[in-house]
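Structure record follows, encoded as structure tokens.
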Amino acid sequence: NEKFRMAAIRSRVALDDEVERRAAIIKEKTEEALSLAELAKQFSPQVVHAIRTGEMQISDSVKESEICVSFIDVCESTSVMQAVGIEPYQNALNLFLGIAVPILFKYDITFDKMIGDAIMGFSNEPAKRMDYIARMGAACLEIRDTIAVRENELELFWGRPFQVKIGLANGAAKVGFQGQIVRSYTATGMVVNKANRLCSVARPSQIVFDGSSIEALAARGFRTRMIGTKLLKGIGEQNVYELEAFGVAANERWSEVST
């Protein structure tokens, strides 16, 4: 009887320990899920995936990496806001974001931030891709062409043709979670400034880039042309090119990209 009694006591203790252990696991997983849900509201899916799989931590230090940066700027936004008012203006921008950001995600491009009416994205971090420059070129073309296809929807709010101009540049940058009070996953460096300056010299519906990306885009069959030499503020004179369209080979390749 004593043996049975002690066995029953040990069983109850083991059961209590197991219940506590499982409760602790449930609490930990719930907190993790809530944390990831909050992160998903703040960061690109590629960033959240890297955190979920343990490839990256928010506490990680900033690292140097080769990336391709794009600036996509809405044309004539100030005059439009004055003409149509803030609500139609904001509706158009929301529709623009709804078009552009999913396309960036489709090509494994990280959405960095919105600066006024322009958006910034970069490829090759945290999702490493050998063809990261071509992916950026494909995303920019698809964004431009999708906006053209949906021009009637956008013009209802914008009151005139809705157009963007785009600059992209390839180079080294510091990438990671930056900031003390507010942490954001972002890229900083000369390549970011260069993409911004290239965007500033582009015309409406034009995608411009410098010589750092020409070989990678040509290798994928994109159709490009040289515009000429432009003076980029704070950088100097640069040979500038226009990305016009997918080539045949590139079109076949990128038609298979899935979300």
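As a basis for the values below, the full set of heavy atoms in this structure was taken, side chains included, without hydrogen atoms, waters or symmetry mates. Quick note: residue numbers are just sequence positions, from 1.
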**Complete:** Closest non-hydrogen contact found for Ile119 with Ala100 is CD1-CB, 3.7 Å
**Prompt:** Can you name the one residue among Arg197, Lys174, Met120 that meets side-chain contact (heavy atoms from CB on, under 4.5 Å) with Val192?
**Reply:** Met120
**Prompt:** Roughly how far, to the nearest 0.5 Å, is OG1 of Thr186 from CD of Glu125?
**Reply:** 12.5 Å
**Prompt:** Has Arg160 got more than 12 heavy atoms of other residues, nucleotides or ligands less than 6.0 Å from its CZ?
**Reply:** yes
**Message:** Between Ile67 and Val175, is there a side-chain heavy-atom distance shorter than 4.5 Å?
**Reply:** yes
**Request:** Check whether any side-chain heavy atom of Tyr89 sits under 4.5 Å from a side-chain heavy atom of Leu93, and report yes or no.
**Result:** yes
**Donor on one side chain, acceptor on other, Asn170 and Ser213, under 3.5 Å** = no
**Asked** Would you call Arg21 and Val19 a side-chain contact if the rule is heavy atoms closer than 4.5 Å?
**Response** no
**Donor-acceptor contact present, side-chain Ser11 to main-chain Ala7, <3.5 Å** = yes
**Message:** How about CE on Met114, more than 12 heavy atoms from neighbouring residues, nucleotides or ligands closer than 6.0 Å, or not?
**Reply:** yes
**Item:** Least distance between heavy atoms, Phe157 atom then Pro88 atom
**Value:** CB-O, 3.3 Å
**Prompt:** Taking Asp210 for the side chain and Tyr241 for the main chain, is one N or O donor matched with an acceptor at less than 3.5 Å?
**Reply:** no
**Glu87 atom CD, neighbour heavy-atom count above 12 within 6.0 Å** = no
**Prompt:** Taking a hydrophobic cluster as the set of Ile, Leu, Val, Met, Phe, Trp and Tyr residues connected by side-chain heavy atoms closer than 4.5 Å, whether directly or through intermediates, do Met190 and Leu232 fall within one such cluster?
**Reply:** yes
**Asked** Is there side-chain contact between Tyr132 and Phe122, with at least one heavy-atom pair below 4.5 Å?
**Response** no
**Message:** Angle between ring planes, Phe96 versus Phe162, binned at 30° and 60°: parallel, tilted or perpendicular?
**Reply:** tilted
**Asked** Hey, mind stepping through Thr188 and Gln178 against side chain to side chain contact (heavy atoms under 4.5 Å, CB included) and telling me if it holds?
**Response** CA-CA 9 Å; Thr188 55; Gln178 303 186 42; 3.7 Å; yes
**Item:** Flag side-chain contact, heavy atom, 4.5 Å: Phe71 against Ile166
**Value:** no
**Item:** Heavy-atom pair with the smallest gap, counting every atom of Cys68 and Leu168
**Value:** SG-CD1, 4.0 Å
**Prompt:** Would you say the side chain of Leu95 lies within less than 4.5 Å of the side chain of Arg150, judging by non-hydrogen atoms?
**Reply:** yes
**Prompt:** Within the side chain of Glu155, is there an N or O that forms a donor-acceptor pair under 3.5 Å with the backbone of Asn152?
**Reply:** no
**Message:** Using the rule that Ile, Leu, Val, Met, Phe, Trp and Tyr join whenever any side-chain heavy atoms are under 4.5 Å apart, tell me whether Leu198 and Ile133 fall into a single cluster.
**Reply:** no
**Prompt:** Using a distance-only test with no angle check, is there a side-chain donor-acceptor pair under 3.5 angstrom linking Glu142 and Tyr107?
**Reply:** yes
**Prompt:** Do Lys165 and Pro204 have side chains that get closer than 4.5 Å, going by heavy atoms?
**Reply:** no
**Close side-chain approach of Phe222 to Leu243, heavy-atom, < 4.5 Å** = yes
**Request:** List the steps, then state whether side chain to side chain contact (heavy atoms under 4.5 Å, CB included) holds for Leu154 with Ile147.
**Result:** CA-CA 8 Å; Leu154 288 157; Ile147 286 172; 3.8 Å; yes
**Asked** For atom CD of Glu215, is the number of surrounding heavy atoms from other residues, nucleotides or ligands below 6.0 Å larger than 12?
**Response** no
**Asked** Sub-3.5 Å donor-acceptor pair from the side chain of Asn124 to the main-chain atoms of Glu66, do we have one?
**Response** yes
**Prompt:** Going only through I, L, V, M, F, W and Y residues with side-chain contacts under 4.5 Å, is there a path from Val80 to Leu97?
**Reply:** yes
**Message:** Between Cys140 and Met136, does the side chain to side chain contact (heavy atoms under 4.5 Å, CB included) criterion hold? Intermediate values first, please.
**Reply:** CA-CA 6 Å; Cys140 291; Met136 181 62 82; 4.1 Å; yes
**Request:** Would you name the heavy atoms of Asp112 and Ala187 that are closest together and state the gap between them?
**Result:** OD2-N, 3.1 Å
**Item:** Heavy-atom closest pair, residues Leu141 and Phe246
**Value:** CD1-N, 3.7 Å
**Prompt:** Do Ile214 and Val240 share a hydrophobic cluster, counting only Ile, Leu, Val, Met, Phe, Trp and Tyr and linking them when any side-chain heavy atoms are less than 4.5 Å apart?
**Reply:** no
**Prompt:** So which heavy atom on Val191 is nearest to which on Ala169, and how close?
**Reply:** CG2-O, 3.5 Å
**Asked** Considering the options Gln163, Glu242, Glu244, which one meets the side-chain hydrogen bond (donor to acceptor under 3.5 Å, both in side chains) requirement together with Gln206?
**Response** Glu242
**Request:** Check whether the side chains of Lys233 and Ser200 place a donor and an acceptor atom closer than 3.5 Å, and report yes or no.
**Result:** no
**Request:** Starting at CZ of Phe209, measure out to OG of Ser70 and round the result to the nearest 0.5 Å.
**Result:** 13.5 Å
**Prompt:** Do the side chains of Trp158 and Ile86 join up, straight or via other hydrophobic residues, at under 4.5 Å, putting them in one cluster?
**Reply:** yes
**Prompt:** Short question: side chain of Thr229, backbone of Gln238 - any donor-acceptor pair under 3.5 Å?
**Reply:** no
**Expected output: side-chain Thr146 to main-chain Ile143 donor-acceptor under 3.5 Å** = no
